[in-house]
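All remarks here apply to the structure that follows.
Chain A is the first sequence line, chain B the second, and so forth, proteins listed ahead of strands; every chain is numbered from 1.
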There are 2 protein chains.
Amino acid sequence: MSSKKPTIKDVARLAGVSFKTVSRVVNNEAWVSDDIKTRVQAVIAQLNYQPNRTARLMRTAPFSLAFVYDNPNSHYVIEMQNGILSQCRQKGFELVIHPTDSHSGQVLQELTTIIGSNQVGGVILTPPLSENRELVQQLLAQQAKVVRIVSGSAPPDDLCPTIYVDDEQAGFNITRHLLAQGHRRIAFLGYHKDHQSSLGRYRGYCAALREAGLTVSEQLVITGDFTFDSGVAMTEQLLQRGDKPTALFGCNDEIAAGALFTARMHQLAVPQDLSIVGFENSPFSRQTWPRLTTVHQPNAEIAAKAAALLISLMLENETQTAHCGFELQLVLRDSVSTL
Amino acid sequence: MSSKKPTIKDVARLAGVSFKTVSRVVNNEAWVSDDIKTRVQAVIAQLNYQPNRTARLMRTAPFSLAFVYDNPNSHYVIEMQNGILSQCRQKGFELVIHPTDSHSGQVLQELTTIIGSNQVGGVILTPPLSENRELVQQLLAQQAKVVRIVSGSAPPDDLCPTIYVDDEQAGFNITRHLLAQGHRRIAFLGYHKDHQSSLGRYRGYCAALREAGLTVSEQLVITGDFTFDSGVAMTEQLLQRGDKPTALFGCNDEIAAGALFTARMHQLAVPQDLSIVGFENSPFSRQTWPRLTTVHQPNAEIAAKAAALLISLMLENETQTAHCGFELQLVLRDSVSTL
DNA sequence: TAAAAATATGACAACGTTGACATAAATTTT
DNA sequence: AAAATTTATGTCAACGTTGTCATATTTTTA
């Protein structure tokens with residue numbers, strides 16, 4: 001077992017060719033005779049030669065991309081990572097994961113560092129970072145390729161390729177489902193004015209109510225964030241009121257989990273006494289009892305698409321902005337009763 | 001906005017010094033006059049110069065490490081990632097995540113590629129990969145630094161620094177807790193002969209029963225893996241038997257979730273009719289109803305420790321094998337009744 | 001005050017690869 | 001059969017750093 005890793009020159013020496021020819025074989029370039037090709041390949045196998053990625057990177061554009069997220073929600077992140085990774089592996093790219101705190105004000109500087117040092121050639125941005133137009137522009141100004149995943153029924157602009165996810169339509173559909181089951185007093189949990197996904201789902205909720213001839217009651221729209229604890233607090237708040245809802249739309253499954261938990265604490269049977277729906281189709285929504293009716297969010301697919309767009313952007317030096325929209329499907333399970 | 005990224009030579013030119021001097025300033029080397037140091041730093045700030053990581057890597061050992069895992073359990077992975085990342089950021093290291101399929105037989109080849117290409121200088125191995133002695137040796141033979149996380153009350157050998165987690169003790173403790181509440185028929189769900197964590201927890205379970213003067217009943221030990229579906233299937237199997245247990249030890253929280261779900265399907269109240277404990281203190285265990293009594297597994301800490309060991313191993317060229325053990329604490333919640 | 005030591009700076013090679021260009025050999029065209 | 005073209009191979013300079021060594025300057029020591 002030799003102590004140093006073999007280089008392209010070691011292979012060349014042993015195969016009796018110039019190291020450039022080895023480079024040609026490795027990179028599958030044209031104009032290499034079959035004779036030499038097989039000979040070189042044999043030596044490569046014999047020495048177990050691996051091209052030095054670092055050295056190669058000095059001559060080529062970086063083939064790493066960063067996945068930037070600010071989300072404590074673990075399965076969401078893992079699913080996205082796996083989706084991105086599937087693309088990266090196909091194309092020989094490397095993934096740098098970059099969890100961050102969007103409120104720290106450090107994000108631009110952090111990303112500037114990894115871009116400026118040539119650590120990555122592009123980034124995938126998720127909400128809420130992806131909604132920061134200025135951030136996107138500043139990254140673009142540094143020659144970085146950017147793809148963003150946002151909530152919306154259309155891309156907000158043509159700054160960069162954008163994956164948009166139609167929360168509004170899905171919020172509309174799931175609310176309409178509740179209405180179809182006879183529910184009239186439907187609470188919305190997890191409204192947040194700075195959170196695009198929340199707003200989209202809220203707009204869908206409102207549209208469905210309007211379509212059914214109902215008005216949106218302020219009493220039933222509770223502000224909070226996308227956590228279990230917030231779900232508990234919002235549900236408590238709601239249940240303390242006089243006029244209780246018959247159904248409850250949690251802006252994500254964690255909120256719905258908090259609602260489910262709180263309902264149990266109050267001896268309310270779900271769905272008999274209270275129907276609950278979530279959003280995201282997280283593992284929790286499948287594994288709890290009753291299983292939650294929710295909206296499936298194909299995170300792996302969404303992220304894979306983002307990675308595919310980013311990689312093609314990095315390979316071909318195009319500035320073209322191909323966008324891609326995702327529609328979300330309802331997942332009907334056991335947490336909704338028919339009135 | 002210039003189109004090319006500034007290099008060390010650009011800084012040198014502007015500061016009127018040789019590029020080597022700039023290198024000295026950047027790397028904080030001795031023997032640079034304060035005068036020149038401040039001048040160079042000013043130019044660096046002015047040009048917003050970032051040393052090119054790739055070029056630097058050509059002259060130094062890689063400062064990236066790989067986190068290798070084969071685990072669909074998302075929060076476990078995310079927690080570990082975050083723990084590792086906290087260390088990486090402190091020390092300026094980069095994390096390459098490498099999910100893999102340990103049964104594919106490809107793992108060695110995959111790792112050989114990322115090590116051989118100098119993409120990473122070390123790897124963190126998790127079960128079941130970390131239990132593969134031969135794999136560890138082959139990685140070591142490639143000059144890679146290796147740290148592994150295993151289940152056990154002591155490191156299995158001195159091949160490499162090892163983080164060992166005492167599943168047996170924790171399995172003992174939680175079983176004893178069940179016994180202390182008066183339970184005598186305690187089922188063990190998720191026995192798996194090839195799974196060290198499962199075996200450790202099982203040994204603890206057996207030891208606790210023996211200590212209480214009970215024998216281990218084969219009827220109550222169910223084989224299966226660490227998934228929700230398996231938990232459901234195992235619980236079904238158990239409940240179909242005549243002599244039902246009063247308590248149930250799920251080898252992890254997912255199994256316990258499956259058990260909880262199945263108990264509900266059978267109209268069994270938890271914990272009144274059946275007590276259930278899990279293992280891992282996953283988000284699920286906190287968010288379900290009743291909240292699960294379980295064992296806290298400090299994944300982020302464990303992984304951070306692994307990363308710290310690996311990084312120090314990569315920096316100082318030591319072969320010393322520092323190990324580190326973790327004890328796991330019981331988390332008492334609402335899924336156990338007192339008989 | 002000369003010699004020695006410490007401090008500060010620079011010149012240049014190296015890291016392992018790819019790209020631009022040169023050239024040699026084989027094949028096709030005229 | 002000569003010229004032009006295609007195919008196959010090689011030479012060498014980059015890429016942006018860090019390490020080695022040389023050298024210039026300053027300070028300390030004898």
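- Within residues 21-41 of chain B, the residues having any heavy atom under 4.0 Å from DNA chain D are, by residue number, B/Ser23, B/Asn27.
- Counting heavy atoms from C-beta outward, B/Asp194 and B/Pro128 have side chains that stay 4.5 Å or more apart.
- B/Gln109 places a side-chain heavy atom less than 4.5 Å from the side chain of B/Gln106.
- Counting heavy atoms from C-beta on, the side chains of B/Gln81 and B/Val77 come closer than 4.5 Å.
- Around the CD atom of B/Gln46, the shell of radius 6.0 Å holds more than 12 heavy atoms that belong to other residues, nucleotides or ligands.
- Between B/Phe19 atom CZ and C/dA14 atom C1' there is a gap of 11 Å when expressed in whole angstrom units.
- Under the 4.5 Å side-chain criterion, counting only non-hydrogen atoms from C-beta, A/Thr162 is not in contact with A/Thr321.
- Listed by first and then second residue, the ring-ring contact (aromatic ring centres under 6.0 Å, His included) pairs involving residues 18-53 of chain B amount to none (not counting sequence neighbours).
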Item to check | Per-nucleotide protein contact string for nucleotides 23-29 of chain D, where B marks a base within reach and S marks sugar-phosphate only (heavy atoms under 4.0 Å, - for neither) | outcome: -------
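- For the segment residues 7-18 of chain A, residues with any heavy atom less than 4.0 angstrom from an atom of DNA chain C are, sorted by number, A/Thr7, A/Ile8, A/Lys9.
- Two end axes, each from the C1' atoms of five base pairs, can be drawn for the helix from C/dT1-D/dA30 to C/dT30-D/dA1; they diverge by 40°, to 10 degrees.
- Atom NZ in A/Lys20 sits about 9 Å away from atom C1' in C/dA20, given to the nearest Å.
- At a threshold of 4.5 Å between non-hydrogen side-chain atoms, the residues A/Thr54 and B/Pro62 do not count as touching.
- The two residues B/Leu309 and B/Ser312 come nearest to each other via the heavy atoms O-OG, 3.1 Å.
- Side-chain contact between B/Tyr69 and B/Ile124 is absent, with no heavy-atom pair separated by less than 4.5 Å.
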Item to check | Audit row: A/Glu79, B/Ser74, side-chain hydrogen bond (donor to acceptor under 3.5 Å, both in side chains) steps and yes/no | outcome: CA-CA 8 Å; A/Glu79 285 170 10; B/Ser74 60; over 6 Å; no
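- In this structure, the NZ atom of B/Lys5 is 13 Å from the C1' atom of D/dG16, given to the nearest Å.
- Distance NZ/B/Lys9 to OG/B/Ser23: 12.0 Å, rounded to 0.5 Å.
- A/Leu108 has its side chain out of reach of A/Leu111: every pair of non-hydrogen atoms, C-beta onward, lies at least 4.5 Å apart.
- More than 12 heavy atoms of other residues, nucleotides or ligands shown are found within 6.0 angstrom of CG on A/Asp157.
- Taking 4.5 Å as the limit, every side-chain heavy atom of A/Asn52 sits out of range of all side-chain heavy atoms of A/Thr7.
- Shown here is A/Asn27, whose CG atom has more than 12 heavy atoms of other residues, nucleotides or ligands within 6.0 Å.
- Contacts between residues 42-59 of chain B and DNA chain C, defined by a heavy-atom separation under 4.0 Å, are made by B/Met58, B/Arg59.
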